[in-house]
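Shown next, in C-alpha cells, is the structure this report addresses.
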Amino acid sequence: MRVLGITAVLCLLAAAVSADPVRVRQPKADDEELAWWQTSVIYQIYPRSFKDSNGDGVGDLRGIINQLEYLQQLGVGAVWLSPIYQSPMVDLGYDISNYFEIDPVFGTMDDFNEFRDKAHSLGLQVMMDYVVSYTSDQIEWFQKSLRREDGYDEWYVWAVGERNESAPHGYNVPSNWLSLFRGSAWEWSEERQQFYLHSFTVNQPDLNYRDDGVVLQMKDVLRFWLDKKVDGFRVDAVSQMYEAEGFPDELPSGLTNDTEANNYLQHVQTQNRPETYEMIKQWRAILDEYQAADGKAKAMMLEVYDDPEIVMPYYGTPEEPGAQFPFNFYFISQLNAQSNASDVNRAVHLWMDNMPEGNWPNWVLGNHDQPRVGTRLGVARKDLFNMISLLLPGTAITFMGEEIGMENTHVSWEDTVDPWALNAGPDLYESVTRDPERTPFQWNTSANAGFTDEGVKPWLPVNENYLQGINVESELEADLSHIKVYRKLVDARGWRVAQRGALDTAIISEWVFAFTRTLDGEPTVVVVGNLGTDVETVDLSATFDGLPDQLTVHAASISSSTQSGATVSPQSVTLEAGVGLVLVANSTSAA
Ligand SMILES: *[C@@H]1O[C@H](CO)[C@@H](O)[C@H](O)[C@H]1NC(C)=O
Ligand SMILES: *[C@@H]1O[C@H](CO)[C@@H](O)[C@H](O)[C@H]1NC(C)=O
C-alpha cells in the first residue's frame with residue numbers, strides 16, 4: 001500500500017515537470033526571524049570515529065573538544081552527537097544502559113560539560129541523540145522489569161502467544177513480527193517465561209510507551225539534558241515507538257522471499273502508529289517550555305524513513321506543533337549513482353510539494369547508516385550534491401567527512417563490528433553493513449590519517465585514500481578541494497537570498513538539473529549541475545527569465561574547467577561530467 005502510494009505521487013510530479021521552471025513557494029515570510037536550526041548546517045559527529053585523544057583506537061569527547069575550532073572554521077552552526085551515553089556497545093552506543101552518564105570510552109560528564117561550554121563559546125549549538133524506542137538489556141529498568149519489580153512490570157513489551165506444547169518454550173511467539181536486524185522480533189526470557197519485543201538486536205528490548213512510568217521517565221531524560229543546556233535532539237528510530245495492541249500479524253510485502261529479512265513484511269502494525277505522533281507533540285511542548293524560559297530556540301529532528309503521508313504529519317499542526325522537522329531522507333531513498341536530472345528534481349519536489357504550509361524544509365545527504373555520498377551518488381558528483389543540499393531552502397544536515405569527500409571503506413568480515421552485518425553472517429554481511437561509512441575521520445597524512453596515534457589499531461580500518469589527498473590538511477592546502485567548495489557553500493548560506501529566497505527548479509536536459517533562488521532586491525543565485533558522464537553546454541536564459549548577461553561563479557566542482565571568480569554567460573554554460581556551479585547574478589555579492 002505505502003509502496004504504491006509513493007509511486008503514485010512520483011507519477012503526478014513527473015507529469016507536472018516541463019522545461020519551464022517550477023516555482024516552489026517561498027519557505028518563510030520575509031520579515032519572520034529565523035532560528036539557528038533554520039539557518040545552520042547541522043553537522044553529525046559519529047564520536048567513535050571523529051578523533052581519538054587517548055590512543056585506544058576509539059574517538060572520544062576530548063578529541064571532539066580539541067577539534068571544535070575546525071567545525072567553527074568550517075562554518076557549521078550546530079553539532080549533533082551520535083550517542084555517547086553509557087552503553088555495552090552491542091549496537092555501538094544505540095543500546096543505552098544509563099541515559100544520565102557518559103560512557104567511559106568517550107570520557108566523563110566533566111568532559112561533556114567542557115565540550116558543551118566550548119561549543120557554545122564558539123557559537124556552535126549542541127544536539128544530542130535521544131534514543132527512545134528501546135534501551136540496552138543491561139539497563140536497570142529492564143533488569144527490574146525482568147524481575148517484575150513493582151512499577152517496572154510493564155516497562156517493556158512482554159507477551160506470549162498461544163500455548164503450544166511442541167514450541168521450544170511451550171508457547172508460540174505472540175506475532176510474526178520481524179527485527180530490523182533479521183529474524184523474529186521476539187526473544188524468550190527464561191526468567192519471566194515470556195517473550196519480549198526487540199525491533200533491533202536481542203540486547204535492545206523495546207520500551208512500552210503504554211506504561212505511564214516509561215512516558216514520565218523518557219520525559220525526565222529530555223529534561224535532564226535540557227537542564228544541561230543542550231539545544232536540541234535528534235530522535236532515533238521514531239517509527240518503532242508504538243505497536244498495535246493485541247500484536248496482530250503483519251502481511252508480506254512482496255518485496256523479498258527472504259523470510260528473515262525485515263522488509264519481508266509490511267510494517268503497518270509496528271511502525272508510525274497514531275500514538276507516536278502524539279508523543280512527539282508532548283516532547284515538543286517540553287522543548288517549547290525550555291525555550292520560553294531561556295529565550296533560546298530548541299529543536300527536535302526525527303529519524304523517520306517513509307512516504308510523505310507518513311512523514312509530514314510529524315511536523316504537527318500550528319495548534320499542536322510536532323518536530324521542527326522530520327528528516328528529509330529522499331536524497332537517500334530516491335537517488336543513486338545513475339540518477340538523472342528528473343530524478344533529482346522529483347526528489348526535491350517530493351519534499352517541497354508535500355511539506356505542510358508554514359514549515360521548514362531540510363536536506364539530509366548522508367548519515368552513519370547510509371553509504372557515503374561519493375559511493376552512493378557518484379564520486380564525480382560529490383561537490384554537486386553538496387551544492388544542491390546546502391543551497392536549497394532549509395536546513396542542511398552534513399555527516400562528518402562529506403565536506404572532504406570521504407568514501408566508503410572496504411571492511412573485511414574479520415574487522416566487521418556492525419551488529420546488523422554480524423547477524424547477516426559472512427555471506428550476506430556486505431549487503432547490510434554500515435561499517436564502511438563509519439570509518440575514522442581523515443585529518444591529515446600522518447599514520448591512521450591523524451585519527452589516532454601511530455601503531456594503534458583503530459576500531460575500524462582507515463580508508464587508504466587519505467594518502468591520495470582525501471584529508472582535511474591536504475585539502476586546505478590544495479588550490480581546489482572539496483572542503484574549499486564546501487566552505488564557499490556555507491558562506492553562501494549566509495546570504496539573505498539563500499535563507500529566504502523563492503525556489504524555482506528546472507530540468508534543463510536529461511542530465512542537467514538547475515534551480516534558482518530569488519528574492520526582491522537581492523542577487524539571484526543559480527545552481528546548475530551536470531549529473532551525466534559527458535560534457536554539456538546549456539543555455540540557462542532559455543529557462544530562467546531575467547538573468548543578466550554575465551554571471552559570476554561563486555563555487556565550482558573541483559573538476560570544473562570554470563572556477564570561482566570567473567564570469568560566464570548564462571546562454572552558454574559548459575559543465576563537465578558531474579560538475580556543479582553556483583552562479584551569482586551580481587559580481588559584488590560573490591566576493
Ligand atoms: C519469490 O519467489 C517466487 C517463486 O520462486 C518468484 O516468482 C518471485 O519473483 C520471488 N519474489 C521476489 C521478490 O524475489
Ligand atoms: C531518468 O531516470 C529514470 C530512472 O531513474 C528514468 O525512468 C527516466 O526515464 C530518466 N529520464 C530521462 C529523461 O531519461
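Because the structure is predicted, anything quoted here is derived from the model rather than measured. When a ligand or atom number is given, it counts from 1 through the structure's own listing order.
- Contact atoms of ligand 1 toward G254: 13 (C) (distance under 4.0 Å to a heavy atom of the residue).
- Among protein heavy atoms, the minimum distance from atom 8 (C) of ligand 2 is reached at N340 ND2, 3.8 Å.
- Side-chain contact annotation: Y156 with H198, donor-acceptor N/O pair under 3.5 Å absent.
- When atom types are taken as modelled, the side chain of R273 and the backbone of V268 share a donor-acceptor pair closer than 3.5 angstrom.
- One finds a salt bridge joining D343 and R346 here, because a Lys/Arg side-chain nitrogen approaches an Asp/Glu carboxylate oxygen to under 4.0 Å.
- Proximity to L255 (heavy-atom distance under 4.0 Å) selects the following atoms of ligand 1: 13 (C).
- Atom 5 (O) of ligand 2 has as its closest protein heavy atom D343 OD2, 2.9 Å.
- Residue contact check: S342 has heavy atoms under 4.0 Å from atoms 1 (C), 11 (N) of ligand 2.
- A donor and an acceptor atom, one from each side chain of E536 and S509, are located under 3.5 Å apart.
- Remark: minimum distance from atom 12 (C) of ligand 1 to any protein heavy atom is reached at N257 ND2, 3.5 Å.
- Counting heavy atoms only, E510 comes closest to atom 13 (C) of ligand 2 of the residues Q338, Q334, E510.
- Counting heavy atoms from C-beta on, the side chains of Q266 and P252 never come closer than 4.5 Å.
- Counting only distance, with no hydrogens or angles, the side chain of R438 and the backbone of H368 share a donor-acceptor pair below 3.5 Å.
- The nearest protein heavy atom to atom 2 (O) of ligand 1 is closer than 4.0 Å.
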